[in-house]
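Read through the structure below, which is laid out as structure tokens, and then see the notes.
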Amino acid sequence: MPRQSGALGGVPLVGWGLSNGSRRRPPMTTTIRTRFAPSPTGYLHIGGARTALYSWLHARRHGGRFVLRIEDTDRERSTPEAINAILEGMGWLGLDYDEGPFYQTDRFERYREHLQRLLDTGQAYYCYCTKERLERLREEQQARKEKPRYDGRCRDLDGPPSEEAADEPVVRFRSPLEGHVVIDDAIRGKVQFANAELDDLVIARADGTPTYNFTVVVDDLEMGITDVIRGDDHLNNTPRQVHLYKALGAELPRFAHVPMILGEDGKRLSKRHGSVSVLQYRDEGYLPEALLNYLARLGWSHGDQEVFTLEELIQLFDINAVNHSASTFNPSKLLWLNQQHIMAAEPNHIARHLAPFLTERGVDPGQGGPQLEAVVRAQQERAKTLVEMADNSLFFYRRPAGYEEKAARKNLKPDAEEVLEHCRHCFAGLPEWEQGRIHQVVTEAAEAFEVKMGKVAQPLRVAVSGGAVSPPIDVTLALLGREETLARIEAAVAWIRAQAAQGSA
RNA sequence: GCUCCCAUCGUCUAGCGGUUAGGACGCCGCCCUCUCAAGGCGGAAACAGGGGUUCAAAUCCCCUUGGGAGCGCCA
């Protein structure tokens, strides 16, 4: 719950006349504002997506605002492709932002202003140390097994030092030498750092551009971010940022540092671990809500519940209840969850997501064949991914190019010919092409030939689908339609005969 | 090396001083069954180690060990 009082302004933004459709709102005086601030040096990965999700959920849960900010001050490594990949990833996941995307490169003026203020008030100073000297310093410190940090040579200088002075100075923040800073983290609790461990960090490069720790603070401040939710890897930066907030005369936001996601080898998640890009999961046939569910549940829980709708997540997610420890990404559980979501979803929803996969495979459900929604209904509980569903549904729209070797060998044997012929005949005479009738034909055929259902259903299945797997045979044939069914049975019968002829020849 | 964080089945987790340590994924059986699934039932599987505190510790404290992160004119 917000610890923040209404001290700043005290303007109650939440009034009874004001309604933006959110159901329940805890009492507060300031609207919660969260942000996701990726640096566009690569695609949106699983770890980033989770912090984005947590920020988004926290904002949605409290009727707040979610801001997207692109941290692109590193012009060397930021690319437009990466920006697009991130935006596309966010879009696919459905993590909509209320404000932004803001680009830090558009905001250099703002940083310059604050920088000047720190300089003017003596809270920052010019540092003329060369990279070479700094490098030497670091090496010496490391040789002495000390923590490398700036020694403060230029801290109290008025101008460039007489020796070893760089042409263009950087700007360093005058960090307090003594005392300590305590961060009250929503996830970790109180974390204490000794100021003596910190050094005077560079806040502006020699070319005048601001650095990360400075820009985040300025941006979070100006964008009114109340809750900074980000990766664990930033916890160590937080004390420096706290000092910057104070130097700029600003209120501190709440911090929440979410633990890292590790690969199966226990190392931080990276390309080596397979599909780490969010969009790759889309391409592999995952539903965005399944990924979101998985990500939410990785590091957070609500009793024994495993499957959550997005609405439930918004209602139940609590940033304070997030786990402390890093967690390992588990693809098989994600796969299971995806299936759960596929089974639970509305057929038309699945159909929408499935269509592109069919198109990709050269099939257009709009051009004849059974209604896609009906196919989805038949396949829903037998597909872990949309890719799998697409592959297994192709035969509804396209005659099998051939028969799977093993399936044919087992089911399209000479003795199946008679059964198939019989069924074809009965099917042709059915007054109505309907599941119940079809089922009756199959059971009666089994009785007539004194065989088990499998001896009838499997040859039919292979005949119409080309393989040994499909939804229940009556459902399958009903969907396929009489005409197609009869034609495919005929083809199978012809194939069996051809095989027999070849065998005896 | 220094600083910070973390530690329950293989994995995700419940547990917040007294439990036969619960659930889920995965795995293994069995049932259902026209295939594949789904579903049902059952099983194997964990408190990293050592000290305290306490009548009582998975739960609180300390140490050790192990893992992670940070220590840039990257973000």
Side-chain angles (χ1 to χ4, degrees), chain A residues 37-41 71-74 76-78 104 127 129 131 134-135 138 141-149 166 168-172 183 185 187-188 191-194 196-199 201-207 209-213 215-216 231-239 257 259-260 262 264 266-268 294 297-307 323-337 339 343 379-384 392 407 411 439 442-443 446 452-462 465 467-474 476:
Chain A
S39 71
T41 52
E71 311 222 318
D72 56 350
T73 53
D74 184 356
E76 302 282 293
R77 295 196 296 160
S78 300
Q104 292 193 317
C127 170
C129 293
K131 287 185 175 176
L134 262 17
E135 183 52 36
R138 240 191 304 275
Q141 287 164 331
Q142 265 159 2
R144 268 180 271 133
K145 297 197 184 297
E146 282 171 18
K147 182 177 187 167
R149 70 247 266 200
E168 291 298 330
V170 299
V171 178
R172 283 187 190 270
I183 291 143
D185 192 274
I187 295 172
R188 312 276 153 178
V191 183
Q192 194 179 93
F193 294 86
E197 289 295 330
L198 277 25
D199 65 354
L201 68 151
V202 172
I203 56 177
R205 305 180 178 96
D207 66 3
T209 59
T211 60
Y212 170 73
N213 281 107
T215 57
V216 245
D232 214 353
D233 46 342
H234 289 286
L235 186 57
N236 285 290
N237 286 327
T238 310
H257 288 95
M260 304 270 87
L262 274 23
E264 280 171 304
K267 294 276 184 280
R268 193 175 165 166
Y294 178 75
R297 192 59 191 59
L298 191 65
W300 171 83
S301 63
H302 182 258
D304 285 341
Q305 190 170 349
E306 296 288 349
V307 183
N323 257 254
H324 297 180
S325 49
S327 37
T328 307
F329 189 77
N330 182 194
S332 67
K333 185 155 183 182
L334 170 60
L335 195 59
W336 173 79
L337 256 179
Q339 183 172 29
M343 286 193 291
Q379 300 279 219
Q380 256 176 316
E381 64 185 24
R382 61 199 89 241
K384 287 183 176 2
N392 292 339
N411 300 295
H439 187 255
V442 176
T443 35
K452 290 184 179 176
M453 276 282 277
K455 283 288 181 191
V456 181
Q458 277 309 86
L460 282 171
R461 178 167 279 119
V462 179
S465 76
V469 175
S470 90
I473 196 66
D474 49 350
T476 301

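Letters A, B, ... mirror the listed sequences (proteins, then strands); counts begin at 1. All values derive from a computational prediction rather than experimental measurement. The basis for the numbers below is simple: all heavy atoms, side chains too, and nothing from hydrogens, waters or symmetry mates.
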A/Arg138 vs B/C71: side-chain N/O to OP1/OP2 distance below 4.0 Å = no
How does protein contact run along nucleotides 3-14 of chain B, one letter per nucleotide 5' to 3', with B for base contact, S for sugar-phosphate only, - for none, heavy atoms under 4.0 Å?
-> BSSSS---BBSS
Scan nucleotides 31-41 of chain B nucleotide by nucleotide, 5' to 3', and note B when protein non-hydrogen atoms come under 4.0 Å of the base, S if they reach only the sugar-phosphate, - if neither.
-> ---BBBBSS--
What nucleic acid atoms does [X] come within less than 4.0 Å of, heavy atoms only: base, sugar-phosphate, or nothing?
X        : value
A/Val202 : sugar-phosphate
A/His257 : nothing
A/Ser465 : nothing

Quick one: side-chain contact (heavy atoms from CB on, under 4.5 Å) partners of [X], sequence neighbours excluded?
X        : result
A/Asp474 : A/Gln435, A/Ile438, A/His439, A/Pro472
A/Glu146 : A/Gln141, A/Arg144
A/Glu197 : A/Lys147, A/Arg149, A/Ala194
A/Val469 : none

5′-ward residue of the pair A/Asn213/A/Pro148 relative to RNA chain B |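 First, find each residue's nearest nucleotide; the 5'-ward one identifies A/Pro148.
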What distance, rounded to whole Å, do you find between the two [atom1] atoms, one in [N] and one in [M]?
N     : M     : atom1 : result
B/A44 : B/C27 : C1'   : 9 Å
B/A21 : B/G15 : C1'   : 8 Å
B/C30 : B/G49 : P     : 36 Å
B/U3  : B/C60 : C1'   : 25 Å
B/A75 : B/C36 : C1'   : 48 Å
B/A7  : B/C61 : P     : 11 Å
B/G23 : B/U8  : C1'   : 13 Å

What residues form a ring pair (Phe, Tyr, Trp, His ring centres under 6.0 Å) with A/Phe193, not counting sequence neighbours?
-> none
Could you tell me which residues satisfy side chain to side chain donor-acceptor pair (under 3.5 Å) with [X], sequence neighbours excluded, listed by chain and number?
X        : value
A/Lys384 : A/Gln339
A/Gln379 : A/Ser393
A/Arg172 : none
A/Thr209 : A/Arg205, A/Asp207

Determine yes or no for a side-chain-to-main-chain donor-acceptor pair under 3.5 angstrom, with A/Ser301 supplying the side chain and A/Arg297 the backbone.
-> no
According to the Watson-Crick and G-U wobble definitions, with both distances under 3.5 Å, which nucleotide is paired to B/C71?
->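 Across all strands, the one nucleotide that pairs with B/C71 is B/G1.
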Set out, line by line, the N/O atom pairs under 3.5 Å between protein and nucleotides 43-45 of chain B.
none

Side chains of A/Leu198 and A/Pro239: does their closest heavy-atom pair fall under 4.5 Å?
-> yes
